[in-house]
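To keep things clear, I will list the structure first and then write my remarks on it.
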Amino acid sequence: MNEYDPKEIEKKWQEKWEKSGIYHAKDKSDKPKYYSLIEFPYPSGDGLHVGHPRPYIGLDVVSRKRRMQGYNVLYPIGWDAFGLPTENYAIKTGKDPRVVTKENTDTFRRQIQSLGISFDWSREINTTDPKYYKWTQWIFLKFLEKGLAYKAKTEINWCPKDKIGLANEEVIDGRCERCGTEVEKREKEQWMLAITKYADRLHGDLDDVDYPERVKIQQKNWIGRSEGAELDFEIADSKRQVVKVFTTRPDTIFGATYLVLAPEHPEISSFKSQISNWKEVDEYIEKTKKRTDIERTADSREKTGVRLEGMIAINPASKEEIPVFIADYVLPHYGTGAIMAVPAHDSRDYEFASKFRLPIKEVVIPERIDKRNPPVQGKKSVERRNVHAIVKNPKDGKVIVLKWKHHPWNTFPMGGVDDGEDIIDAAKREVLEETGYKDLANGKVIGGQVRAEYFAAHKDENRVAYTSLVSFDLASEERDEISAEEDNAHEVLWMEESELTPEFMTHAEMDVWIDRLTNGHGAYTGNGVLINSGDFSELDSEEASKKIAGKFGKSVITYKLRDWVFSRQRYWGEPIPVVHCGQCGVVPVPEQDLPVLLPKVENYQPTDTGESPLANISEWVNTRCPKCEGDAERETDVMPNWAGSSWYFLRYMDPNNNKEFASEKNLKYWAPVDWYNGGMEHTTLHLLYSRFWNKFLFDLGLVPESEPYKKRTSHGLILAEGGEKMSKSKGNVVNPDKVVEQFGADTLRIYEMFMGPFEQAVAWSEDSLVGPRRFLEKVWRMSEKLKDSTDDSLILHETIKKVTEDVEALGFNTAVSALMILVNDLDKRVEVSKSEFETMLLLLAPLAPHITEELWQSLGHKDSIHFAKWPEYDESKIERSEAVVVVQVNGKKRGEFTAPIDIKESEAFKTAKSLPDVTKWIEDKEVKKMIYVPGKIVSIVV
RNA sequence: GCCCGGGUGGCGGAAUUGGUAGACGCAAGGGACUUAAAAUCCCUCGAGUGCAAACUUGUGCCGGUUCGAGUCCGGCCCCGGGCACCA
């Protein structure tokens with residue numbers, strides 16, 4: 001036999017497969033369908049690098065396995081070819097983007113085809129093909145028709161370098177995702193898509209799909225659903241005008257000591273007449289408008305704002321008159337653009353209130369029930385204000401603890417606070433009475449109160465205590481005599497602060513104290529029990545929230561998600577198919593006139609006014625209104641590059657249809673995508689957008705499934721050798737052509753699957769490529785020592801099981817490992833049974849399609865291995881009759897023995913104890929306990 | 001700051017209803033074959049002690065639960081990703 005020469009066989013099979021079209025999916029079949037999908041690439045001018053094929057190979061393995069398991073598989077590919085890099089290249093070189101795109105896709109196609117991926121090339125699509133974007137435009141018109149596409153003057157993120165409006169998703173750390181330039185704000189008329197109308201379903205339906213948990217979490221965070229309430233605050237002297245605020249914590253309403261409106265709040269001007277410092281207010285509003293988002297968040301620690309003098313709101317719950325502010329920490333787009341500020345229970349409001357010296361009113365406090373001294377039933381219950389004093393000696397950092405003599409308690413100096421008494425004075429008094437120390441300095445209340453229930457044994461009563469913590473520094477060690485009674489009750493200890501744990505200290509509040517002492521004690525933002533809240537006092541947060549929301553407003557749900565800015569002032573995108581008519585306004589281009597073709601231009605440079613280069617082509621812009629036949633102008637904005645990718649998975653189902661975007665029949669057959677693999681970076685962009693488009697089309701009855709993708713997985717990036725991202729600028733890109741040339745496509749495929757867990761980023765390693773190559777050579781050579789036999793072995797069945805299961809769970813690396821183990825085992829034999837060898841080839845076929853096809857057909861098979869039946873394992877052959885049982889003494893391995901799998905426990909113990917290596921550890925000791933885990937371990941405790 | 005991942009030999013990584021840590025591969029060292037080299041095959045390969053049998057130690061750090069912890073619990077540290085004044 002010849003040497004293994006991948007160059008010769010790989011090309012040969014690739015051509016044969018494509019010529020016979022064996023990977024072309026059938027639109028009609030008796031077989032069950034399976035639709036596997038990878039994210040179609042953007043064909044950049046740099047060509048493919050070794051990171052691109054990782055997901056293609058992964059799902060190729062799955063797709064090939066499915067075909068062998070009897071499925072009619074659709075595994076398509078195409079090009080997401082609209083977009084900025086090509087356009088920027090066109091600007092620089094003056095080359096037509098159509099030509100550039102053609103060149104790039106040709107390169108990508110050639111490269112991908114050299115890897116033997118079983119894509120159905122007959123369904124190849126390209127988003128820049130008018131036959132494709134005709135339908136992208138058509139879907140846009142549907143959005144328009146249903147009122148979900150609308151034009152709005154909005155503040156947009158503007159990239160001054162690319163001269164383009166950016167969606168929120170394209171702004172990374174306040175910078176343009178593509179070029180890194182700081183993003184500015186600009187007002188512009190933009191086409192918008194009302195994705196927020198679908199926010200609830202995009203959020204809720206995630207429960208029904210098989211996505212990785214982290215993807216679901218990320219999407220949910222992005223959508224940012226939160227349940228809360230809109231509460232009405234009346235404005236004094238304003239003819240019953242109200243300001244609506246949004247809050248997730250209606251339970252804190254009694255603590256709302258002021259209101260804050262976003263500077264952009266539309267109603268501010270309607271109060272202009274009653275605001276006495278309007279000039280100052282207006283200046284602040286203007287200043288905010290000019291600030292970019294980065295500026296607004298960069299100095300986010302320092303709160304700014306202006307009081308609206310003369311404007312007074314009424315807290316509907318407490319009836320108190322409270323001031324109103326504008327401040328840029330309140331965002332216009334979220335909730336109602338106005339908040340009730342509760343400084344005691346919101347850290348931002350707390351900061352603002354501290355700076356502007358506004359009242360801080362505590363209305364929710366944590367609650368603890370003392371587990372060690374729980375309230376005793378039947379005893380009387382006394383409610384009181386308590387104070388705990390933490391007295392520190394600055395000299396050594398030690399703190400006073402009282403050790404009680406007649407109870408098992410360790411407490412701080414503590415006691416009740418009399419009505420009207422200052423907390424700090426009360427604490428001082430208690431410290432003096434209980435310890436005699438009288439020279440206390442820097443008295444400070446640490447945070448708010450805690451409600452604690454406990455049994456006070458020394459007074460034989462249950463107590464509900466509202467406790468505050470006060471800290472002091474000991475100014476001098478001067479000390480008075482203490483009463484005999486106090487002296488008899490407890491001992492005074494000085495202890496290290498680190499010793500004051502919740503376990504040691506008796507106070508049920510101790511964990512709260514520790515948290516406040518270590519993490520600061522600004523606002524208490526947790527839930528708890530209400531105080532100072534009129535009829536709602538004593539209720540817990542949850543119940544109070546419902547009741548308060550009902551009484552002073554209504555429950556509402558809000559989202560962080562915002563509508564999608566759908567206009568780009570660019571050239572290389574789908575023209576938005578509408579015209580502007582002086583008579584009729586915005587008029588959609590009639591369906592029969594689609595597609596609106598992208599005209600050729602002289603100059604691809606966007607105009608300085610920020611309009612699309614299309615605006616300069618008057619013969620294209622000037623047109624007739626489809627409605628009134630009068631003069632009209634074409635829309636010159638184009639769609640963002642996520643438009644084409646929002647529905648491409650549907651087009652694959654019927655790629656050549658020129659009557660519909662896809663026929664109902666084909667959609668019904670193929671939808672949904674069974675398995676969609678893509679990058680984590682598309683979680684909040686493409687994945688969300690395409691779910692949105694699909695749901696929209698579903699609502700129109702145009703697609704049969706409300707969720708486009710049944711199952712989603714994500715691949716990890718392939719990094720350069722040093723662990724850095726591969727990029728042209730760093731010069732560390734590895735081109736797959738070189739690898740295929742040197743090692744062959746099968747080796748590249750095996751290596752990419754073997755190099756690490758599929759979902760994790762892994763660094764490329766040139767050295768490691770030889771491992772997979774040696775493995776394939778071993779397989780190749782093995783075909784020379786076959787014997788005609790149908791023997792099979794335990795390890796073969798184990799491998800079938802392992803590979804079958806691992807591929808489903810993305811465990812490609814362990815599947816390859818299992819095959820290597822099998823091949824090593826077979827290789828050691830003098831002769832290999834032909835049937836075992838063939839089974840091994842079948843298991844390897846999805847991973848290394850060329851070499852397996854070559855060997856398979858050289859064994860006399862006429863049909864392709866890739867449609868041969870996937871092997872099944874025999875459970876009975878995997879069951880081992882014997883097991884190696886490990887013996888542990890006190891948890892350490894001391895020996896092992898082989899025994900029948902069903903050995904009795906008593907037998908196992910006997911054998912274990914008789915092993916010489918075990919005996920010596922137990923002979924002079926008493927065996928306290930023996931544990932037998934069947935077939936695995938005997939554990940002896942001495 | 002918050003939300004997700006992750007931390008295991010020289011390297012990539014195996015190992016989860018808690019049960020022999022380091023599978024498989026790379027690199028390294030030794031040997032066989034060869035005039036020689038490549039290729040191939042065999043052996044060694046976490047650290048430490050020991051002639052050996054064997055023993056000690058070891059999965060980011062500290063503590064806990066358990067006969068037994070990479071795996072579970074509590075408290076940290078570090079790295080990667082996402083969000084970020086979202087009320």
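Only a predicted model underlies this, so the values are computations on that prediction, with no experimental measurement involved. In what follows, chains carry the letters A, B, and so on, assigned in the order in which the sequence lines appear, proteins first and then strands, with residues in each chain numbered from 1.
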Reckon [X] has a side-chain N or O less than 4.0 Å from the OP1 or OP2 of [N]?
X         : N       : value
Asn824(A) : rG25(B) : yes
Arg894(A) : rU20(B) : no
Trp222(A) : rC3(B)  : no

Picking from rU56(B), rA54(B), rA87(B), which would you name as closest to the side chain of Ser226(A)?
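Looking only at heavy atoms from C-beta outward on Ser226(A), the closest nucleotide is rA87(B).
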For the side chain of Ser939(A), counting heavy atoms from C-beta on, which of rC24(B), rA87(B), rG19(B) is nearest?
rG19(B)
What I want to check is whether an N or O donor and acceptor connect the side chain of Ser817(A) with the base of rC24(B) at under 3.5 Å.
no
Under 3.5 Å, is there an N or O donor on one side and an acceptor on the other linking the side chain of Glu759(A) and the base of rG5(B)?
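Side chain to base: no pair below 3.5 Å.
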Base, sugar-phosphate alone, or nothing: which one does [X] contact when heavy atoms must sit under 4.0 Å apart?
X         : answer
Trp921(A) : sugar-phosphate
Val762(A) : sugar-phosphate
Lys893(A) : base

Dump the intermediate steps for salt bridge (charged side-chain N to carboxylate O under 4.0 Å, His left out) on Arg712(A) and Glu39(A), then the final yes or no.
CA-CA 11 Å; Arg712(A) 166 85 179 185; Glu39(A) 287 170 349; 2.9 Å; yes
If pairs are Watson-Crick or G-U with both distances under 3.5 Å, what is the dot-bracket string of RNA chain B, marking crossing pairs with [ ] and pairs to another strand with |?
(((((((..(((......[....))).(((((.......))))).((((....))))..(((((..]....))))))))))))....
Would you say the side-chain atoms of Lys785(A) pair up with the backbone N or O of Arg829(A), donor to acceptor, closer than 3.5 Å?
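Confirmed, Lys785(A) side chain pairs with Arg829(A) backbone.
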Is the NZ or CZ atom of Lys303(A) both under 6.0 Å from the centre of the six-membered ring of Tyr329(A) and within 45° of that ring's axis?
yes
